[in-house]
Trainee: 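Before we start, here is the structure in question, set down as C-alpha cells.
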Protein chains: 2
Amino acid sequence: MTEERIATNLRKGVLEYCVLALLSHGEKYGLELADDLTERELIASEGSLYPLLARMRENGLVEPRWDASGTGRPRRYYAITENGTDQLTTFARVWKSLGAQVNALLEGSR
Amino acid sequence: MTEERIATNLRKGVLEYCVLALLSHGEKYGLELADDLTERELIASEGSLYPLLARMRENGLVEPRWDASGTGRPRRYYAITENGTDQLTTFARVWKSLGAQVNALLEGSR
DNA sequence: TTGCAAGTCTTGCTATGCAAGGTTAGAGTT
DNA sequence: AACTCTAACCTTGCATAGCAAGACTTGCAA
C-alpha cells in the first residue's frame with residue numbers, strides 16, 4: 001500500500017504533539033490514547049505510542065500517575081506538564097507555517 | 001533549538017512530494033530545487049535533497065537528463081514522470097486528510 | 001596557475017513509527 | 001485451585017529519511 005507508506009511518514013513528528021493536544025483536555029491512560037489516535041488514523045498500533053510516552057516522560061512533557069481505584073488492572077494516567085504545554089504552542093506555530101508552505105506548493109502557486 | 005527539531009521531523013515524508021509539486025511546473029536541476037526548497041524552509045541543506053532525488057529516480061518518480069548546453073558545469077535536470085504525477089495526487093489526498101485531523105486536535109474540538 | 005564558485009554526490013549519525021510479541025494483573029468458570 | 005480470557009502495559013528489532021559535513025568535479029577569471 002503506497003498510501004499507507006505516505007501516511008506513515010507524515011505521522012512522524014506529528015504524533016507526539018497530537019498526544020499533547022489530547023492531554024491538554026485532561027488526563028488519559030495509555031490504551032485510551034491509543035484507541036483515540038487509532039480512530040483518528042494518527043497511529044497504526046500501540047507499538048508507536050508506548051515508546052513515545054516513555055520518551056515524553058523522560059523529556060518532562062507528561063507526568064504519569066498510577067490509578068488502581070477502579071476495577072480491572074491498574075491504569076497509568078498521563079497528564080500534560082507546563083513544559084508540554086509550551087511545546088504544544090511551539091508546534092502549533094511550526095505546523096501552521098509548514099502547512100502553509102506545502103499547501104501553496106500543492107495549489108500550484110509557483 | 002527545539003523549534004528546529006520539530007520542523008525537521010515534520011519535513012519527513014513531505015519533502016518528496018514538495019519536489020514532485022515543484023517539478024509538476026517544469027524541469028529543474030538539483031541546486032535550483034535546493035535553493036527553492038530552502039527559501040520555503042522545507043529543507044535545511046542539500047544533504048537531504050540529493051539522496052532523495054536518487055531514491056525518487058530509482059522509484060521511477062522523476063527522470064533525470066544531463067544538460068551541458070549552457071555555460072558553467074553541466075546540470076542534471078529532473079522531470080516528473082507519469083508515475084510521479086499519480087503519487088502526487090495520492091499524497092495530496094493523504095495530506096489533506098491528516099492535516100484535517102491534526103487541525104481538529106489543535107483547535108481543541110475534542 | 002591559483003583560487004573561487006557552482007554543481008553533484010557520499011558518509012555517518014540520529015530519530016522515530018511500526019510489526020510482532022512478551023508481561024502482568026484482575027475476573028470469571030469449572 | 002487451576003484455567004482461561006481479556007485489558008493494559010511495555011520491549012525488541014528493523015527500516016526510513018533528514019541532516020551536518022565535506023569530498024569531488026568543472027569552468028572561469030585574475
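Quick note: numbers below take in every heavy atom, side chains included, and nothing from hydrogens, waters or symmetry partners. By convention in this document, chain letters (A, B, ...) are assigned in the order of the sequence lines, proteins followed by strands, and residues within each chain are numbered from 1.
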Trainee: Decide yes or no for A:Val62 and A:Leu20: does some side-chain heavy atom of the first lie under 4.5 Å from some side-chain heavy atom of the second?
Mentor: yes
Trainee: Start with the C-alpha distance between A:Arg11 and A:Glu4, add both sets of side-chain angles, then the distance that settles salt bridge (charged side-chain N to carboxylate O under 4.0 Å, His left out), and finish with yes or no.
Mentor: CA-CA 11 Å; A:Arg11 291 194 263 257; A:Glu4 257 319 302; 3.2 Å; yes
Trainee: Nearest to the side chain of A:Pro74, heavy atoms from C-beta on, is which of C:dG26, D:dA17, D:dT26?
Mentor: C:dG26
Trainee: C:dT16 C1' sits how many Å from A:Leu37 CG, rounded?
Mentor: 15 Å
Trainee: Using the six-membered ring wherever Trp is involved, compare the ring planes of A:Phe91 and A:Tyr17 and label them parallel, tilted or perpendicular (cut-offs 30° and 60°).
Mentor: parallel
Trainee: Taking only side-chain N and O atoms of A:Arg5, does any of them lie within less than 4.0 angstrom of OP1 or OP2 on D:dA17?
Mentor: yes
Trainee: Measure from the side chain of A:Ser48, starting at C-beta and using heavy atoms only, and say which of D:dA17, C:dG17, C:dG7 lies closest.
Mentor: C:dG17
Trainee: Out of D:dC9, D:dT16, C:dA6, which has the shortest distance to the side chain of B:Leu31?
Mentor: C:dA6
Trainee: So B:Tyr78, base contact, sugar-phosphate only, or nothing? Heavy-atom distance under 4.0 Å.
Mentor: sugar-phosphate
Trainee: Where is the tightest heavy-atom contact between B:Leu37 and B:Leu49, given as atom of each residue plus distance?
Mentor: CD1-CD1, 4.0 Å
Trainee: C:dC9, D:dC9, C:dG7: which one has an atom nearest the side-chain heavy atoms of B:Arg73?
Mentor: C:dG7
Trainee: For B:Leu53, report the nucleic acid contact type (base, sugar-phosphate, nothing); a contact means any heavy atom under 4.0 Å.
Mentor: nothing
Trainee: A:Arg75 versus A:Glu32: any side-chain heavy-atom pair under 4.5 Å?
Mentor: no
Trainee: Return whichever of A:Arg57 or B:Ile43 has its heavy-atom-nearest nucleotide of DNA chain D closer to the 5' end.
Mentor: A:Arg57
Trainee: Looking only at side-chain atoms of B:Ala44, point me to the closest of D:dC19, D:dG18, C:dC9.
Mentor: D:dC19
Trainee: Tell me the interatomic distance from A:Arg11, atom CZ, to D:dT16, atom C1', rounded to whole angstroms.
Mentor: 14 Å
Trainee: State, yes or no, whether a side-chain contact exists between A:Leu23 and A:Leu33 at a heavy-atom distance under 4.5 Å.
Mentor: yes
Trainee: Within the structure shown, what part of the strands sits under 4.0 Å from B:Gly47 by heavy-atom distance: base, sugar-phosphate, or nothing?
Mentor: base
Trainee: Counting heavy atoms from C-beta on, name the nucleotide in C:dT16, D:dG18, C:dC9 closest to the side chain of A:Glu16.
Mentor: C:dT16
Trainee: Under 4.0 Å between a side-chain N or O of B:Ser45 and OP1 or OP2 of D:dA20?
Mentor: yes
Trainee: Report yes if a side-chain nitrogen or oxygen of B:Arg55 is closer than 4.0 Å to either non-bridging phosphate oxygen (OP1 or OP2) of D:dT16; otherwise report no.
Mentor: no
Trainee: Answer yes or no: side-chain N or O of A:Lys12 and base N or O of D:dT16 forming a donor-acceptor pair under 3.5 Å.
Mentor: yes
Trainee: Figure out the CG/C1' separation between A:Leu33 and D:dC9, and round it to whole Å.
Mentor: 13 Å
Trainee: Is the shortest side-chain N/O distance from A:Tyr29 to OP1 or OP2 of D:dC9 below 4.0 Å?
Mentor: no
Trainee: Using whole Å, report how far CG of A:Leu15 lies from P of C:dA15.
Mentor: 17 Å
Trainee: Could you check how far CG of B:Asn59 sits from P of D:dT16, rounded to whole Å?
Mentor: 10 Å
Trainee: Want to settle it: does A:Tyr77 or A:Asn9 sit nearer the 5' end of DNA chain D, counting the closest nucleotide to each?
Mentor: A:Tyr77
Trainee: Between C:dT8, C:dA15, C:dG17, which nucleotide gets closest to the side-chain atoms of B:Trp66?
Mentor: C:dT8
Trainee: Roughly how many Å is it from CG in A:Leu42 to C1' in C:dT16, rounded to a whole number?
Mentor: 15 Å
Trainee: Treating B:Thr81 as the side-chain partner and B:Glu63 as the backbone partner, does any N or O pair qualify as donor plus acceptor under 3.5 Å?
Mentor: no
Trainee: When you measure from the side chain of A:Arg75, which nucleotide among D:dA8, D:dT26, C:dC9 comes out closest?
Mentor: D:dA8
Trainee: Taking atom P of D:dA8 as reference, at what distance in whole Å does atom NZ of A:Lys28 sit?
Mentor: 13 Å
Trainee: Please tell me if B:Arg76 has a side-chain N or O lying less than 4.0 Å from either OP1 or OP2 of D:dT26.
Mentor: no
Trainee: Roughly, in whole Å, what's the span from CD in B:Glu46 to C1' in C:dG7?
Mentor: 8 Å
Trainee: Of the options D:dC9, D:dC19, C:dG7, whose atoms approach the side-chain atoms of A:Tyr50 most closely?
Mentor: D:dC9
